[in-house]
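Along the sequence shown, residues are numbered consecutively beginning with 1.
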Amino acid sequence: MKSLLFLVFTVIISSSAFAGTSTTAVRTSSGQLVSVGDSLTEMSTRIGQSPISMNTYERKEGKTTVTVSNYIYEIENVTYTFTVVNNQIREIEWIRKEP
């Protein structure tokens, strides 16, 4: 029983160590800000590069189903995931790459 609890505790701790950190704004390489609430067009224009990855899925928000798109960019050794719903940035998460 103790080993099972230890295993569960270890998994919880290790998964939180690799989790991303949320932020409300990102400064691009050119010095412009991309913030939660900006449009997809504003984000693409300000970042000025193609995403390294993108995925789309649907989720329920209340009684409606919305399409969610995650755009992943690498800016100055930091990987940013921009979550876009209804053409608007809803969330920004980042993970710093180890050198």
Exercise for the section: Any salt bridge (charged side-chain N to carboxylate O under 4.0 Å, His left out) involving residues 48-68? Give me the pairs, sequence neighbours left out, ordered by first then second residue. Expected result: R59-E61, E61-R90
Handout entry: Check: S30/T28 side-chain N/O donor and acceptor closer than 3.5 Å
Key = yes
Practice task
May I ask whether I72 and M43 are part of the same hydrophobic cluster, defined by side-chain heavy atoms of I, L, V, M, F, W, Y residues being less than 4.5 angstrom apart, directly or through others?
Solution key: no
Handout entry: Ion pair check, E74 and K97, cut-off under 4.0 Å
Key = yes
Problem - T83 side chain to N70 side chain, donor-acceptor N/O pair below 3.5 angstrom - result: yes
Problem - Inter- and intrachain pairs under side-chain hydrogen bond (donor to acceptor under 3.5 Å, both in side chains), touching residues 44-53, at least two apart - result: D38-R46
Exercise for the section: Looking only at non-hydrogen atoms, find the nearest pair between E93 and S22 and report the distance. Expected result: CG-OG, 3.9 Å
Problem - Shared hydrophobic cluster for F82 and I52 (ILVMFWY, side-chain gaps under 4.5 Å) - result: no
Exercise for the section: Please check if M54 and W94 belong to a single hydrophobic cluster, counting links between Ile, Leu, Val, Met, Phe, Trp and Tyr side chain heavy atoms closer than 4.5 Å. Expected result: yes
Handout entry: V85: hydrophobic cluster co-members (side-chain, 4.5 Å)
Key = Y57, V66, V68
Problem - Smallest separation among heavy atoms of A25 and L33, with atom names - result: CB-CD2, 4.4 Å
Problem - Within-4.5 Å side-chain heavy-atom neighbours: I75 and V26 - result: yes
Handout entry: Spatial distance of atom CG (N86) from atom CG (L40) [nearest 0.5 Å]
Key = 11.5 Å
Fill in the blank from the handout: Heavy-atom closest pair (V34 atom, I89 atom, distance to 0.1 Å) is CG1-CD1, 3.5 Å
Exercise for the section: Determine whether I92 and Y80 make a side-chain contact, defined as any pair of heavy atoms from C-beta on separated by less than 4.5 Å. Expected result: yes
Practice task
Determine, step by step, whether Y71 and V84 satisfy the side chain to side chain contact (heavy atoms under 4.5 Å, CB included) criterion, reporting the C-alpha distance in whole Å, the side-chain angles of both residues, the deciding distance to 0.1 Å, and the verdict.
Solution key: CA-CA 8 Å; Y71 295 86; V84 177; 3.8 Å; yes
Exercise for the section: Considering non-hydrogen atoms only, spot the tightest contact between T23 and V36 and give its length. Expected result: O-CG2, 4.1 Å
